[in-house]
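Numbers here are sequence positions counted from 1. Every number for a ligand or one of its atoms is a count from 1 in the order of the listing. Worth knowing before you read on, the calculation uses all heavy atoms, side chains too, and leaves out hydrogens, waters and symmetry mates.
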Amino acid sequence: MSLALIAGSHADDEKSLTVRDAAQLLYRHGIGGVFVTALASTAVIVILGPTGKPGLIAWLSLMLLTAAARAFDLVAGRKRREVGDWDGRAEMRRFSIPVLAAAAMWATLPLAFFHESNQVERTAMAMIISAVAAGGATVFASAQRLCIAYCSILLLPLAVMFLTAPGRENTILGSLCIVFLLIMLGVSKMTNSAVMSAIRLYRTNQTLMLETECQRQRGEEVNSELTMAQAELSETLATLEERIKTRTADLQREIGERERVGRELARLASRDALTGLYNRGALTERLDSELLRAEDANESLAVLFLDLDKFKDVNDVKGHDWGDHVLREVTRRLTELLPPGSISSRWGGDEFVIVLTGEAATCAADAIGEQLRRGVCDPISRRGETVCVDATIGIAVFPDHGRAADELIGAADMAMYAGKEDGRGRVRTFTRVLANAVRTRHLLGQALHEAISRNELRLEFQPVVSAGSGRCESLEALLRWNHPTRGPISPVEFIPLAERSGDIIPIGRWVLAQACAAAAGWPGDPAPAVAVNASVAQIEAGGLLDDVHTALAASGLDPHRLHVEVTESLFARDHEHIIPTLVALRAMGVRISLDDFGTGFSSLGSLQSLPIDTLKIDKSFVDHVEGKSAPIVTAIRSLAYALGMEIVAEGVENAQQAGVLHSMGVHYFQGYFFARPLRSEAVRAWLLERAADERQYAAPGQRNATASQI
Ligand code: C2E
Ligand code: MG
Ligand code: MG
């Protein structure tokens with residue numbers, strides 16, 4: 001009997017027998033699939049559960065119920081086969097129903113929980129579903145349509161969710177899902193055809209063996225053709241099995257590679273490209289889970305907010321390459337100095353957020369903060385050049401200063417901010433008092449932003465009188481802010497806020513315009529000048545010269561009648577930016593005064609190189625001019641004389657002070673003893689009255705140091 005004959009004799013039955021065997025294969029390997037499903041769905045709960053997603057437990061219950069239904073059907077299927085009640089097609093259908101139900105449950109996972117999951121959870125979800133799909137493609141290899149439906153139901157909704165979510169990483173993951181689905185479909189087609197060929201060959205082999213055995217029993221000579229065919233078949237069968245094994249190994253490799261890509265993507269999505277530290281999102285997630293752990297273990301935890309001081313200068317002066325180098329070097333030092341178990345991140349720009357875990361590290365947070373600060377302070381070198389930066393660090397501790405990640409980071413940020421206000425380069429721990437002060441200042445800063453447009457700002461003018469002639473030489477413009485609910489607020493409080501927020505630029509421009517306009521209308525021959533305070537921030541921003549031009553042009557004020565007062569903080573800055581502005585102002589005829597002299601960081605060398613016309617002796621020296629400050633005032637006077645500068649004594653409150661200062665050779669006085677700051681509308685009358693007094697007491701030798709007579 002030939003092979004063709006044998007095949008022909010079984011032609012009718014063959015198809016149904018193949019389906020029957022395929023169904024048997026499904027039932028034989030099905031239990032593995034059930035276990036994987038139960039395991040994978042439990043893994044989902046472990047990964048997504050901690051961030052509290054309502055409905056997840058219901059999802060797990062339904063999933064386990066479906067797995068139980070599948071397990072029950074597998075046991076029942078085995079019994080049906082034993083008793084011979086086995087119709088291949090019906091079994092296939094019966095097997096498919098709970099499997100497709102399980103697939104539908106997997107599909108609901110991304111549909112229901114994708115949006116409320118973070119990137120790490122989404123990536124984990126994608127990896128689990130892909131692994132389940134790959135497992136299905138292997139277990140259901142003998143039922144190709146089931147395989148196609150299973151993989152598509154699992155992977156398509158996941159792909160759609162990724163592709164419709166914003167962000168490059170989501171698009172990449174969505175596209176990977178589609179590619180993976182196509183690979184799965186291709187692999188399942190190949191595996192299915194290999195399995196079906198194997199089943200058919202197995203069937204033929206069985207028939208041939210049966211035929212040979214029958215011939216042997218009948219004492220007939222065994223058909224050599226049959227024996228050869230049988231050997232050929234056995235060989236083909238072995239080859240097929242080998243091919244199936246190879247395909248399964250390929251599939252596993254494919255899954256492994258996909259998981260690796262997924263892990264790499266998750267890693268990239270959580271890192272800062274420049275420093276390799278965690279980025280903002282990843283730090284918040286890590287802090288969230290550390291907080292849960294600390295809460296369970298009843299432990300504390302510290303958050304450090306580190307901001308580099310003077311980093312902007314490095315970037316501006318040396319360029320961005322240098323800036324990047326500094327950030328990388330600071331990262332290296334932080335990583336080296338941090339205790340094990342710490343989590344560090346680049347929060348943005350020149351800010352770093354660090355989490356210290358464990359009781360010991362938390363208790364020593366202050367000391368660790370100080371150590372980190374000192375580490376950052378060490379000079380940083382590059383290609384023979386060196387720069388120095390410092391850091392200000394704020395610390396907040398769980399649970400004392402907050403329980404949630406954003407609360408703690410906010411508290412550490414506030415402490416850092418307070419440290420900056422205290423003069424930078426410090427480590428400050430959060431306190432409630434500090435928080436209230438920072439919050440109040442923040443609100444005040446916001447209100448100040450609107451103050452010009454709401455007409456809440458105005459100027460007052462305080463006279464500066466000549467010690468010799470008693471004439472009012474100039475008036476200093478002093479800014480006043482009448483807050484809608486808090487009432488008048490001192491410039492000592494709000495000017496630093498405006499300097500920090502940058503609002504000092506429009507505010508300073510407004511002051512210049514108002515002061516010049518007011519001075520243009522003052523009486524006198526010559527009419528007094530107006531002195532306007534300018535913050536260093538205004539000069540550094542580069543617009544002061546233009547603002548002065550505009551204010552003078554709009555008011556028609558003679559530039560010689562404008563004085564600009566700057567403070568000693570100039571000395572702490574890079575002179576290259578400052579000196580050209582001051583020189584240009586002077587070239588226009590504007591006079592420059594150095595305000596609050598003696599309180600700041602004046603370096604005598606710099607004083608000589610700065611284009612200054614007048615030194616204003618600070619009120620703190622005037623207060624004690626009859627006692628301990630006398631030598632200082634004398635020294636300032638000598639210095640001013642030597643450098644050809646004039647001197648104004650600020651805050652003169654009584655006749656004794658005026659008398660002593662006069663005898664020391666001070667040229668001008670400003671203080672309540674002569675006049676308090678005047679409202680703009682009162683200046684004209686005051687000046688006229690003053691001019692009349694002056695005429696009355698103009699006779700030489702009649703002056704003594706009293707307010708009305710000077
Ligand atoms: P400053 O420029 O040194 O102004 C002198 C301050 O001393 C003024 O305080 C003035 O009212 C006060 N003063 C004058 N004589 C006496 C006195 O006899 N006794 C006492 N106790 N105080 C006296 P004010 O107006 O509160 O201004 C404080 C500071 O705010 C100013 O110090 C200046 O640094 C800043 N400032 C005021 N207006 C402006 C402005 O328009 N722009 C900028 N950048 N800063 C301003
Ligand atoms: Mg001043
Ligand atoms: Mg002053």
* For His442, does the NE2 atom sit with more than 12 other heavy atoms under 6.0 Å from it, leaving out its own atoms? -> no
* Quick one: is the NZ or CZ of Arg441 closer than 6.0 Å to the six-membered ring centre of Tyr417, and within 45° of its axis? -> no
* Closest non-hydrogen atom pair, Ala411 against His401 -> CB-O, 4.1 Å
* To do: Look at Asn533 and state whether any of its N, O or S atoms is less than 2.8 Å from the Mg ion (ligand 2).
  => yes
* **Over 12 non-hydrogen atoms of neighbours within 6.0 angstrom of NE2 in His325** => yes
* Taking the six-membered ring for Trp and the single ring otherwise, decide whether the centroids of His483 and Trp481 are under 6.0 Å apart. => yes
Pairs under 3.5 Å, nitrogen or oxygen of ligand 1 with protein nitrogen or oxygen:
from, atom 1, to, atom 2, distance (Å)
ligand 1, 2 (O), Glu476, OE2, 2.8
ligand 1, 2 (O), Asn533, OD1, 3.0
ligand 1, 2 (O), Asp595, OD2, 2.7
ligand 1, 3 (O), Asp595, OD1, 3.4
ligand 1, 3 (O), Asp596, OD1, 3.0
ligand 1, 3 (O), Glu650, OE2, 2.9
ligand 1, 15 (N), Gln462, NE2, 3.0
ligand 1, 18 (O), Tyr672, N, 2.8
ligand 1, 19 (N), Glu653, OE2, 2.6
ligand 1, 21 (N), Glu653, OE2, 3.2
ligand 1, 22 (N), Tyr672, OH, 3.3
ligand 1, 25 (O), Arg480, NH1, 2.9
ligand 1, 25 (O), Arg480, NH2, 2.9
ligand 1, 38 (N), Leu479, N, 3.0
ligand 1, 42 (N), Asn533, O, 3.4
ligand 1, 44 (N), Ser535, OG, 3.1

* Structure fact -> In short, side-chain hydrogen bond (donor to acceptor under 3.5 Å, both in side chains) pairs touching residues 525-539 with sequence neighbours left out are Glu476-Asn533, Glu499-Ser535
* Shortest-distance N, O or S atom of Glu476 relative to the Mg ion (ligand 2) -> OE2
* the Mg ion (ligand 3) neighbourhood, protein N/O/S only, threshold under 2.8 Å -> Asp595 OD1, Asp596 OD1, Glu650 OE1, Glu650 OE2
* For the residue pair Phe674 and Phe669, categorise the inter-ring angle as parallel (less than 30°), tilted (30 to 60°) or perpendicular (more than 60°). => parallel
* Structure fact -> In short, side-chain hydrogen bond (donor to acceptor under 3.5 Å, both in side chains) pairs touching residues 638-648 with sequence neighbours left out are Arg591-Glu646
* Is the gap between the ring centers of Trp522 and Phe461 under 6.0 Å? -> yes
